[in-house]
Asker: 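My questions all concern the structure below.
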Amino acid sequence: MSSKTLRRRLHHVDVDGRGNEHLEASGLDGLNEPLLAEYEDDKKHTEGQTLEDIWDDERRKQQLHWTFLFSHLITQWAQWLANIVLGSGSLLGRFLPLIPASQSGPSQKRISYSLSPLQEARLRFLKQRLEIPFDGSRVEHQDALKQLWSLAYPDRELPALKSDLWKEMGWQGSDPSTDFRGGGFISLENLIFFAKKFPDSFQRLLYKQDGTRAAWEYPFAVAGINISFTLIQLLDLQSGKPSSVAGIRFLELLKEDEMAFDNLYCVAFQMMDAQWLAKRASYMEFNDVLKSTRTQLERELALEDVSSVKDLPAYNLLR
């Protein structure tokens, strides 16, 4: 069975359990866990390959692996320099004098921070967006789905709102509305923003055009929903006022750009795909890749010279 066939079977999973290719997604009632479940068994798909093909593939994987390690080393070195600057009394250093850059997660120290009126207004508007659930019965939400299809496939006819064709975009069933759950309407807005602002990158990720791809690829649309709520958690947007290191740095970005969250989403999606390729991951490893993406994004947000989303090293991955 070819890799193309396996990839197509993943994108056409049968949500009612009748298909043998069905891969269950974990349940999600809120923004508490990734939408894609972890799986214990991995698959090896080397059927039909010659020995020369396998060696060529391995050489390409090794080159990509070393490229990723070198990039990671550069980021670590930049963060080390940033840590020196943080301790020297810079603006961020005054905010975070006791927070090691390597400290993260639930035990991370909370930080007090004063917001300007502009930041207050933009944060309030963003939180209002986060509170809107996706509702397939609302005309404006239906229109947004149709808009996403038109941006993804400009030369194809728009399908019905319930159609197996939606699976080609990476929805898990024939009705995309069932995949949003805790992701909310903002996750659809993020995908539309990505398609409009960075159409080349959007198309390359949609069609998995970069690098040597896995036989079992991540579903594009559902991965996008995962990235939205991963950002929400990373930036501490569910609290009354963000007080984590990443959250405060985001508020600085929000002061400069009212669409900072959407722009950061595009960077995170591209970063996730780069991590996917560098780790030579398959579908069952998606959650691990998502965690690595979150860690890398957190590190880049901590860099001293980042004053806008465009300053992030990973922004250069976008085209």
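The shown structure was predicted, so the numbers you read here are calculated from the model rather than taken from an experiment.
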Asker: Walk me through it: do Q119 and S116 pass the test side chain to side chain donor-acceptor pair (under 3.5 Å)?
Answerer: CA-CA 5 Å; Q119 286 172 305; S116 69; 3.2 Å; yes
Asker: Check step by step if side-chain contact (heavy atoms from CB on, under 4.5 Å) holds for R294 and M271.
Answerer: CA-CA 9 Å; R294 172 174 172 152; M271 181 187 290; over 6 Å; no
Asker: Please check: side-chain N/O of R129 versus main-chain N/O of I186, any donor-acceptor pairing under 3.5 Å?
Answerer: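 Flag not set: sc R129 to bb I186 has no pair under 3.5 Å.
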Asker: In this structure, is the centre-to-centre distance between the rings of F202 and F220 below 6.0 Å?
Answerer: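 Yes - the distance between ring centres of F220 and F202 falls below the 6.0 Å cut-off.
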Asker: Between E252 and K255, is there a salt bridge with N-O shorter than 4.0 Å?
Answerer: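 Counted as a salt bridge, because a side-chain N and a carboxylate O are separated by less than 4.0 Å.
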Asker: Write down the atom of V289, the atom of A281, and the distance for their closest heavy-atom approach.
Answerer: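 Shortest heavy-atom separation between V289 and A281 comes out as CG2-CB, 3.7 Å.
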Asker: Which atoms form the tightest heavy-atom contact between F269 and L205, and what is the distance?
Answerer: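 That closest heavy-atom pairing would be CD2-CD1, 3.6 Å.
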Asker: Going through the checks in order, is the side chain to side chain donor-acceptor pair (under 3.5 Å) test met by N263 and K197?
Answerer: CA-CA 9 Å; N263 280 308; K197 185 160 185 180; 2.8 Å; yes
Asker: Answer yes if F229 and F193 sit in the same cluster of Ile, Leu, Val, Met, Phe, Trp and Tyr residues linked by side chain heavy atoms under 4.5 Å apart, and no otherwise.
Answerer: no
Asker: Is there a side-chain contact (heavy atoms from CB on, under 4.5 Å) between L318 and F194 once you walk through the steps?
Answerer: CA-CA 10 Å; L318 292 168; F194 190 13; 4.0 Å; yes
Asker: Out of curiosity, does M259 fall in the hydrophobic cluster containing F250 (side-chain heavy atoms, cut-off under 4.5 Å, transitive links)?
Answerer: no
Asker: Are Y218 and D273 packed together at the side-chain level, in the sense that at least one heavy-atom pair is separated by less than 4.5 angstrom?
Answerer: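 Contact flag for Y218/D273 side chains = yes.
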Asker: Establish, for the pair K291 and F286, whether the NZ or CZ atom is under 6.0 angstrom from the six-membered ring centre and no further than 45 degrees off its axis.
Answerer: no
Asker: Please report whether the ring centroid of W171 lies less than 6.0 Å from that of F180.
Answerer: yes
